[in-house]
Amino acid sequence: MVASYAHPSLRPFPLPPKLPSPCSHLLSFKTLSSLSPTTPTSASADYNHIIQSLCNNGDLHRALHLLPQERHPTQRTYEALILACARRNAAALGAAVHRRLVEDGFDRDPFLATKLIDMYAHLGALDDARNVFDETPEKTIFVWNALLKALALADVAEEALALLREMGRRGVAMDSFTYSHALKACIASSSHPPLAADRVREIHGHAVRRGFESRVHVGTTLVDCYAKLGLVSYAERVFDEMPERNVVSWTAMIACRAKNERPFDALDLFYQMMVSEPDVSPNSVTMVSALQASAGLAALGQGKIMHAYILRKGLDSILSVFNALIAMYMKCGSLNTALRLFDSMSGRRDVVSWNSIISGYGSLGFGAKAIQVFEEMVESGIKPSSITFVSVLGACSHSGLVEEGKRLFDSMSQVYGLTPRAEHYACMVDLLGRAGRLDEAAEIIKEMRIEPSPKVWGSLLGACRIHGRVELAEMACTHLFELEPTNAGNYVLLADIYAEAKLWEEVGRVKKLLEERSLEKVPGCSWIEVKKKIYSFVSVDELNPQIEQLHALLIQLVMEMKKDGYVPNTKVVLYDLDHEEKERILLGHSEKLAVAFGLINSGKGEVIRITKNLRLCEDCHSVTKFISRFASREILVRDVNRFHHFKDGVCSCRDYW
DNA sequence: TTAGGGTTAG
């Protein structure tokens with residue numbers, strides 16, 4: 001079944017019956033007024049009960065008003081007050097409750113200490129949380145875990161690990177909660193992945209020895225930690241060995257694959273869960289991850305099946321699911337469906353919804369439209385986030401809107417009070433570099449107040465590739481080879497630049513470096529979804545059952561093109577081979593095979609949608625433009641950077657990409 | 001008393 005945005009289940013759900021106003025079932029306003037602190041109180045009034053009820057109903061002020069009336073507040077009363085202060089982000093009131101609690105002699109109570117630590121952590125007052133911990137004489141495991149969690153989730157995860165070591169020294173018996181917090185601290189503690197991985201492995205080993213690995217929460221946290229470190233096979237091993245799995249464990253594993261360039265395997269796992277686990281029902285988070293996998297594959301058919309499922313289960317009322325649907329349609333190139341969904345959600349759009357539309361327009365090459373949507377977003381009262389600027393600056397870059405991009409970049413700090421991060425500088429380098437203003441791009445890097453990230457140098461290198469700047473490319477590579485020595489893509493780009501300048505000796509030198517470091521170029525791969533099945537192609541794909549048919553079609557098309565003046569762009573082939581051999585390699589590029597497959601196997605009027613894991617090659621770009629005219633077919637190719645929409649012999653990028 | 005998974009970009 002195929003879902004459309006107009007599915008009847010999309011009609012708004014009936015509103016729940018109107019709730020009674022807070023506390024109306026407890027006390028009338030008149031009764032409350034009579035209980036004000038200035039009024040003599042009745043000895044029989046149960047203030048503890050009333051205060052707790054007021055707190056639970058969100059009426060913190062009235063609860064605090066009553067507190068002085070109660071001579072003997074109980075532990076439960078203080079718990080309710082602390083939780084209410086945390087919920088309302090009421091720092092000053094929280095501190096006042098804490099003072100009163102101390103006066104009442106509850107400062108040695110480990111239960112309330114746990115609640116206070118949670119409250120202070122929630123309010124961002126870590127020193128206060130630490131003080132409560134220090135001043136609690138009887139430190140139960142709850143107290144230790146509360147501080148561990150507070151430190152792990154704040155930007156002081158190193159301190160969390162120090163606390164863990166202290167627990168070890170003092171012989172505190174850790175429980176499964178301790179392990180979950182400690183693992184999260186490992187991820188938060190280090191921006192250096194190898195160090196974080198060592199730490200996770202160490203705690204993992206510890207958990208295994210103590211028998212905590214079999215706990216479902218610990219196993220799930222381990223899956224997630226390895227996922228965040230990009231160690232997919234470690235995550236899979238933990239997941240496979242879990243004695244008990246629930247929907248969260250399955251979702252963590254699906255998300256792990258979806259986020260680590262394994263969208264096909266993520267979908268596979270999703271369907272495995274649906275088929276083999278009748279007791280596990282996907283929830284909103286599962287569907288968000290599954291949609292992300294469909295988006296990663298640009299598998300529109302799969303995405304539509306999920307949309308139908310989401311509607312049937314009513315999960316589209318959840319904003320994150322709705323946003324994930326918009327993103328999925330955008331990444332599958334279905335701009336109109338994404339826009340219809342976006343239009344249908346007026347009033348409940350958040351910054352994520354807007355960002356999806358801005359980046360969607362950007363990647364399709366509608367830069368001016370992306371800027372217009374950005375302005376509408378600001379007008380509607382939503383504050384742009386750091387990601388909004390990555391999206392809108394990226395949109396400027398794809399469309400060559402240099403001056404607009406510069407203006408937006410300046411507004412980021414001057415108007416919106418956001419400090420540009422490395423990724424924003426990378427956008428600016430890309431914007432200027434693509435437009436051929438490489439010296440300005442290099443100047444921006446020089447003036448950066450923060451350390452340029454690999455993305456920044458990578459953007460410069462990419463621009464050097466487009467504009468054939470050998471020396472500047474070498475300079476960028478001295479940084480890149482140091483910062484990310486194992487990223488084969490940088491070596492390949494440099495070799496590409498040398499090859500284009502016909503510096504074959506230098507090409508050989510870079511290839512030798514790749515060999516010495518045992519690095520392999522990521523092979524180009526393209527795929528296409530036909531009748532809800534995904535077919536993938538690699539270069540010179542001799543194992544493909546239809547390869548002869550595909551070749552015959554491509555040879556025929558190229559012959560027609562040559563009559564039209566087409567000259568194969570053999571400079572994109574990195575090897576110093578003769579022209580004929582280069583042409584043969586060019587013809588076997590995965591994206592050409594996928595286009596030919598689409599022509600043969602899809603319906604006549606259907607748009608051919610192809611996805612490629614790398615940047616689209618220039619020769620394939622020319623050939624696809626021709627095919628779109630010659631075969632009268634719309635062809636949409638999503639490469640690693642953006643969309644190319646081919647129609648009537650023209651590409652939406654207007655050859656600027 | 002406490003814990004685990006997710007949406008936007010690059």
Side-chain angles (χ1 to χ4, degrees), chain A residues 75-76 79 82-83 109-115 117-118 121 140-150 152-153 175-184 212 215-225 227-228 235 239 242 245-256 258-259 282-293 295 315 318-328 330-331 349-360 362-363 377 384-395 397 421-427 430 453-456 458-459 640-641:
Chain A
Q75 188 194 48
R76 290 285 166 202
E79 181 197 12
I82 294 166
L83 292 178
D109 182 336
F111 175 89
L112 289 179
T114 305
K115 302 294 166 197
I117 293 171
D118 282 345
T140 62
I141 188 64
F142 292 98
V143 176
W144 284 97
N145 285 346
L147 187 64
L148 187 66
K149 178 188 172 191
L153 296 183
D175 63 8
S176 60
F177 293 78
T178 317
Y179 283 97
S180 283
H181 298 318
L183 285 164
K184 282 196 166 291
F212 283 112
R215 300 290 190 89
V216 68
H217 282 93
V218 176
T220 306
T221 312
L222 278 165
V223 167
D224 184 52
C225 287
K228 293 204 162 77
F239 181 76
M242 282 174 77
R245 299 182 200 122
N246 57 23
V247 66
V248 184
S249 336
W250 280 92
T251 306
M253 194 62 236
I254 293 166
C256 167
K259 284 183 187 259
N283 59 22
S284 65
V285 185
T286 320
M287 293 317 296
V288 165
S289 297
L291 283 171
Q292 218 188 355
L315 291 171
I318 295 167
L319 185 57
S320 58
V321 175
F322 213 88
N323 283 339
L325 276 169
I326 292 177
M328 183 274 293
M330 272 295 189
K331 286 182 181 170
R349 296 170 188 152
D350 67 358
V351 68
V352 177
S353 337
W354 285 95
N355 289 352
S356 284
I357 300 294
I358 292 170
S359 74
S363 63
M377 168 184 164
S385 70
S386 173
I387 292 177
T388 314
F389 280 97
V390 175
S391 309
V392 74
L393 292 173
S397 184
R421 297 204 303 232
E423 53 262 45
H424 302 106
Y425 284 101
C427 288
D430 191 60
S453 66
K455 276 266 177 291
V456 175
S459 296
V640 69
N641 288 325

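First the proteins, then the strands, lettered A, B, ... as listed; each starts at 1. This structure is a prediction, so every number in the text was calculated from the model and none was measured.
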Could you state the [atom1]-[atom2] distance from [X] to [N], rounded to the nearest angstrom?
| X | N | atom1 | atom2 | result |
| --- | --- | --- | --- | --- |
| A:L222 | B:dA3 | CG | P | 18 Å |
| A:L112 | B:dT2 | CG | C1' | 15 Å |
| A:W354 | B:dA9 | CH2 | P | 16 Å |
| A:M328 | B:dA9 | CE | C1' | 19 Å |
| A:L148 | B:dG4 | CG | C1' | 15 Å |
| A:L319 | B:dT8 | CG | P | 13 Å |
| A:H181 | B:dT1 | NE2 | P | 16 Å |
| A:M242 | B:dG5 | CE | C1' | 11 Å |

Whether the [X] and [Y] side chains hold a donor-acceptor pair (N or O, under 3.5 Å, no angle test) is what I'd like checked.
| X | Y | result |
| --- | --- | --- |
| A:D350 | A:S353 | yes |
| A:S391 | A:T388 | no |
| A:T286 | A:T251 | yes |

For [X], report the nucleic acid contact type (base, sugar-phosphate, nothing); a contact means any heavy atom under 4.0 Å.
| X | result |
| --- | --- |
| A:V223 | nothing |
| A:S385 | nothing |
| A:A327 | sugar-phosphate |
| A:D350 | nothing |
| A:K149 | sugar-phosphate |
| A:S176 | base |
| A:D118 | nothing |
| A:S249 | base |
| A:N145 | base |
| A:E79 | nothing |

Of the options [options], whose atoms approach the side-chain atoms of [X] most closely?
| X | options | result |
| --- | --- | --- |
| A:D175 | B:dG5, B:dT2, B:dG10 | B:dT2 |
| A:T114 | B:dT1, B:dT2, B:dG4 | B:dT1 |
| A:N283 | B:dG5, B:dA3, B:dT1 | B:dG5 |
| A:K455 | B:dT8, B:dG10, B:dG4 | B:dG10 |
| A:V390 | B:dT1, B:dG5, B:dA9 | B:dA9 |
| A:V216 | B:dT8, B:dG5, B:dG4 | B:dG4 |
| A:I387 | B:dG5, B:dT8, B:dT2 | B:dT8 |

So, is [X] close to the [N] phosphate, meaning a side-chain N or O under 4.0 Å from OP1 or OP2?
| X | N | answer |
| --- | --- | --- |
| A:K331 | B:dT8 | yes |
| A:K184 | B:dG5 | yes |
| A:Q292 | B:dT8 | yes |

Show the nearest heavy-atom pair for residues [X] and [Y], with the distance to one decimal.
| X | Y | value |
| --- | --- | --- |
| A:A146 | A:T114 | CB-CG2, 3.9 Å |
| A:P282 | A:L315 | O-CD1, 4.5 Å |
| A:A113 | A:V143 | CB-CG2, 4.5 Å |

Checklist line | Parallel, tilted or perpendicular: rings of A:F212 and A:Y179 (30°, 60°) | finding: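 A:Y179 and A:F212: tilted rings.
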
Does a distance-only test, which skips hydrogens and angles, find a donor-acceptor pair under 3.5 Å between the side chain of A:S359 and the base of B:dA9?
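When only heavy-atom distances are counted, A:S359 does not reach the base of B:dA9 through any donor-acceptor pair under 3.5 Å.
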
Quick one: does A:T221 reach the base of B:dG4 with a side-chain donor-acceptor pair under 3.5 Å?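 No pair found.
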
* Is A:H217 stacked on the base of B:dA3, with ring centres under 5.5 Å apart and planes under 30° apart? ->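 One would call A:H217 stacked on the B:dA3 base.
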
Next item on the list: Evaluate whether the aromatic ring of A:F111 and the six-membered ring of the B:dT1 base sit under 5.5 Å apart, centre to centre, with an inclination under 30°.
Entry: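 Here A:F111 fails the 5.5 Å or the 30° condition.
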
